[in-house]
Colleague: 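Would you mind keeping the following structure in view while I ask a few things?
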Amino acid sequence: MIKRLRQRFQSQSTEGSFIKNSAIVAVGFTLARALGIGFSFALAGAIHPDVYGYIQYSISLALIVGIVTMPVAQHLLARQISVHAEDQQKSEEIASNFYVMMVGLFILTLLVVVPIFILTGTFNLGALLIFFGVTVFYSYYGMARGFVFSVRLAMVFVASNAIQLILILFIYHVLKLQSGLPALAVYGLSYLAPVGVLLAFYPFPVGFRRRHVSWPRMKEMLRASIPLWISQAGYAFSTFIDFFLLQQLLNNAAVGLYAFTRQVCIIFDFLPMGLYTVLMPKVAAADNRRTRMRLIALALGITVVANAVVLVVFLLVYPWFIDTFYPQYELANDIVLVMALAQTAWGLQGIISQAVIGANRASVDSVNRLIPIVLMPVIGLILIPMLGVRGAALMSLITGCAAVIAFPVQLWLSKRIKFPRRKSEIQKQTVFGTE
């Protein structure tokens with residue numbers, strides 16, 4: 001009986017800690033994303049939809065460039081730190097090898113991407129600036145996430161988005177510039193100051209130690225990154241392909257209309273992002289199947305209920321808002337509804353994705369990320385020429401729902417079909433227990 005009571009108390013403590021830290025991150029992310037939406041509104045109100053479409057296209061292009069670096073910091077570092085957070089030496093070993101590996105991956109990416117830009121005549125300085133900024137940011141993000149420093153995560157998000165909004169208002173509303181490059185530079189470099197200040201005043205409990213740098217250890221981390229790179233490629237592709245298809249099949253103005261509405265609909269991602277940021281390290285640190293399943297169910301349930309309430313309010317307010325302030329970006333109400341539902345579907349997909357990564361099943365997430373790579377071009381090439389922006393919205397919704405539905409099917413199949421696994425994967429925790 002005493003053992004059961006102790007287990008129950010520990011389970012409630014885990015769930016309570018998850019809710020508390022998720023609430024901190026969700027509030028911080030909500031404020032940061034609200035400032036981010038302000039950034040988009042301030043920008044959209046001062047430039048032509050063509051330029052706005054180019055800016056959003058370049059931001060998405062930066063995600064493609066960051067395929068190699070971002071997931072290593074965002075997921076691998078965070079997971080490994082969360083598992084060994086109580087072991088100072090192990091954490092320093094992980095951090096030291098990560099820093100060396102990240103610098104190498106960053107330089108390697110530039111050596112590949114810059115010549116491609118030059119040879120194809122598509123050099124995009126703004127995308128490269130964003131690539132640099134998000135690499136620095138996600139390195140900080142991964143470390144803070146691993147240690148579950150929720151307040152610091154919230155602070156860096158809020159500060160960087162506040163800087164973006166202030167600078168955009170000054171550059172485009174005071175100086176009256178019309179070029180897209182200043183906005184891209186602001187977007188990419190605004191992360192540097194908050195990260196630098198937080199590291200100066202609130203350093204992490206681990207740092208770089210040259211004696212811990214080990215090539216075998218880095219090779220192990222690189223091997224573990226392979227499924228994460230596949231996942232990131234799928235994520236970046238699903239974020240970029242709608243803009244690319246709209247630009248190729250229609251024009252930059254269509255990209256601008258769609259991108260602006262998708263930015264508004266990002267309010268449906270506020271809560272899921274806060275939840276899954278904390279969920280992944282919590283699942284990684286959980287020591288039993290029941291706790292992991294409770295955390296996942298809790299995150300999914302909160303998202304569905306909260307976003308349903310937000311959707312009702314959103315549909316009531318949106319027509320007035322767009323007619324009053326941004327009539328040049330107006331889309332039909334049914335398109336807006338589909339885009340809001342698509343954003344919710346991708347939020348649910350993100351929660352499950354982070355849960356399986358936390359359970360050391362990144363390969364499951366990698367396979368799931370192949371769904372948009374296969375479905376989106378096929379659906380988009382059919383629907384966008386027929387329906388325009390409405391076709392892009394339907395493409396996103398259909399693919400997002402398919403990705404969510406595929407997860408339980410994949411996990412069920414993985415229990416029935418035994419695939420050969422690497423030695424590092426033989427003893428691991430899964431969403432459903434220890435294999």
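Throughout, residue positions are numbered sequentially from 1 according to the sequence presented.
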Colleague: Mind jotting down which residue pairs meet the salt bridge (charged side-chain N to carboxylate O under 4.0 Å, His left out) criterion with at least one end in residues 403-413? Sequence neighbours excluded, please.
Modeller: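 Output for this query is empty, none listed.
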Colleague: Table please: side-chain donor-acceptor pairs of residues 103-110 below 3.5 Å, with sequence neighbours left out.
Modeller:
from, atom 1, to, atom 2, distance (Å)
Thr109, OG1, Leu105, O, 2.8

Colleague: Which atom names give the shortest non-hydrogen contact between Leu375 and Ala402, and what distance separates them?
Modeller: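 Of all heavy-atom pairs spanning Leu375 and Ala402, the closest is CD1-CB, 3.8 Å.
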Colleague: Does Tyr172 reach the main-chain N or O of Ser179 with its side chain, forming a donor-acceptor pair under 3.5 Å?
Modeller: yes
Colleague: Check whether any side-chain heavy atom of Ile55 lies under 4.5 Å from a side-chain heavy atom of Ile59, and answer yes or no.
Modeller: yes
Colleague: Would you list the pairs meeting side chain to side chain donor-acceptor pair (under 3.5 Å) in which at least one residue belongs to residues 180-208, sequence neighbours left out?
Modeller: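 For residues 180-208, and leaving out neighbouring residues, the side chain to side chain donor-acceptor pair (under 3.5 Å) pairs sorted by first residue read Gln164-Ser190.
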Colleague: Closest heavy-atom contact between Ala183 and Phe39?
Modeller: O-CZ, 4.3 Å
Colleague: Are Leu76 and Phe98 packed together at the side-chain level, in the sense that at least one heavy-atom pair is separated by less than 4.5 angstrom?
Modeller: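 Contact flag for Leu76/Phe98 side chains = no.
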Colleague: Between CD1 of Ile241 and CE of Met376, what distance do you get to the nearest 0.5 Å?
Modeller: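 With rounding to 0.5 Å, CD1 (Ile241) is 8.0 Å from CE (Met376).
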Colleague: Any non-hydrogen side-chain atom of Leu35 less than 4.5 Å from a side-chain atom of Phe157?
Modeller: no
Colleague: Under 30°, 30 to 60°, or over 60°: which ring-plane class applies to Phe260 and Tyr326, parallel, tilted or perpendicular?
Modeller: tilted
Colleague: Less than 4.5 Å apart, side chain to side chain, heavy atoms only: is that true for Leu169 and Leu165?
Modeller: yes
Colleague: Taking atom CD of Gln89 as the centre, does the number of heavy atoms from other residues, nucleotides or ligands within less than 6.0 Å exceed 12?
Modeller: no
Colleague: If you measure only the distance, is there a donor-acceptor pair under 3.5 Å linking the side chains of Gln349 and Asn368?
Modeller: yes
Colleague: So Thr399 and Trp346, side-chain contact (heavy atoms from CB on, under 4.5 Å) or not? Walk me through it.
Modeller: CA-CA 9 Å; Thr399 310; Trp346 286 111; 4.0 Å; yes
Colleague: I need the minimum non-hydrogen distance between Val213 and Ser96, along with the two atoms involved.
Modeller: CG2-O, 4.3 Å
Colleague: Looking at side-chain heavy atoms only, is the closest gap between Val134 and Met70 below 4.5 Å?
Modeller: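 With C-beta onward as the side chain, the pair touches.
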Colleague: side-chain contact (heavy atoms from CB on, under 4.5 Å) for Gln80 and Met221? Distances and angles first, verdict last.
Modeller: CA-CA 10 Å; Gln80 293 194 353; Met221 295 176 73; 4.0 Å; yes
Colleague: If I take atom CG from residue Leu198 and atom CZ from residue Phe204, how far apart are they, to the nearest 0.5 angstrom?
Modeller: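 Separation between the atoms: 8.0 Å.
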Colleague: Just by modelled atom types, is the Phe268 backbone N or O under 3.5 Å from a matching donor or acceptor in the Asn307 side chain?
Modeller: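 Confirmed, Asn307 side chain pairs with Phe268 backbone.
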Colleague: Please step through side-chain contact (heavy atoms from CB on, under 4.5 Å) for the pair Cys265 and Phe314, ending with a clear verdict.
Modeller: CA-CA 9 Å; Cys265 290; Phe314 176 79; 4.0 Å; yes
Colleague: Does any non-hydrogen side-chain atom of Tyr329 lie less than 4.5 Å from one of Gln263?
Modeller: no
Colleague: Are Leu222 and Val72 packed together at the side-chain level, in the sense that at least one heavy-atom pair is separated by less than 4.5 angstrom?
Modeller: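 A side-chain contact is absent here, since even the closest heavy-atom pair is not under 4.5 Å.
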Colleague: Mind listing the closest non-hydrogen atom pair of Met143 and Ala95 along with its distance?
Modeller: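 That would be CE-CB, 3.7 Å.
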Colleague: Does Arg217 have any salt bridge (Lys or Arg N to Asp or Glu O under 4.0 Å) partners at least two apart in sequence or in another chain, and if so, which?
Modeller: Glu93, Glu220
Colleague: Of all heavy-atom pairs between Thr303 and Pro272, which one has the smallest distance, and what is that distance?
Modeller: CG2-CG, 3.6 Å
Colleague: Just to verify, what does Ala127 make a side-chain contact (heavy atoms from CB on, under 4.5 Å) with, not counting sequence neighbours?
Modeller: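 In terms of side-chain contact (heavy atoms from CB on, under 4.5 Å), with neighbours along the sequence ignored, Ala127 is linked to Leu61, Ala62, Asn124.
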Colleague: Tell me the closest heavy-atom pair linking Val255 and Gln247, and the distance in Å.
Modeller: CG2-N, 3.6 Å
Colleague: Do the non-hydrogen side-chain atoms of Leu394 and Ile379 ever get within less than 4.5 Å of each other?
Modeller: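 Counting from C-beta outward, Leu394 and Ile379 never come under 4.5 Å.
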Colleague: Between Tyr138 and Tyr141 (judged by ring centroids, cut-off 6.0 Å), do the two rings come close enough to count as a pair?
Modeller: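 That pair passes the under 6.0 Å test.
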Colleague: What pairs meet the salt bridge (charged side-chain N to carboxylate O under 4.0 Å, His left out) rule with one or both residues in residues 155-181, with sequence neighbours excluded?
Modeller: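 The answer is none; no pair qualifies.
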Colleague: Take Ile130 and Val65, measure what side-chain contact (heavy atoms from CB on, under 4.5 Å) needs, and give me the verdict at the end.
Modeller: CA-CA 9 Å; Ile130 293 173; Val65 176; over 6 Å; no
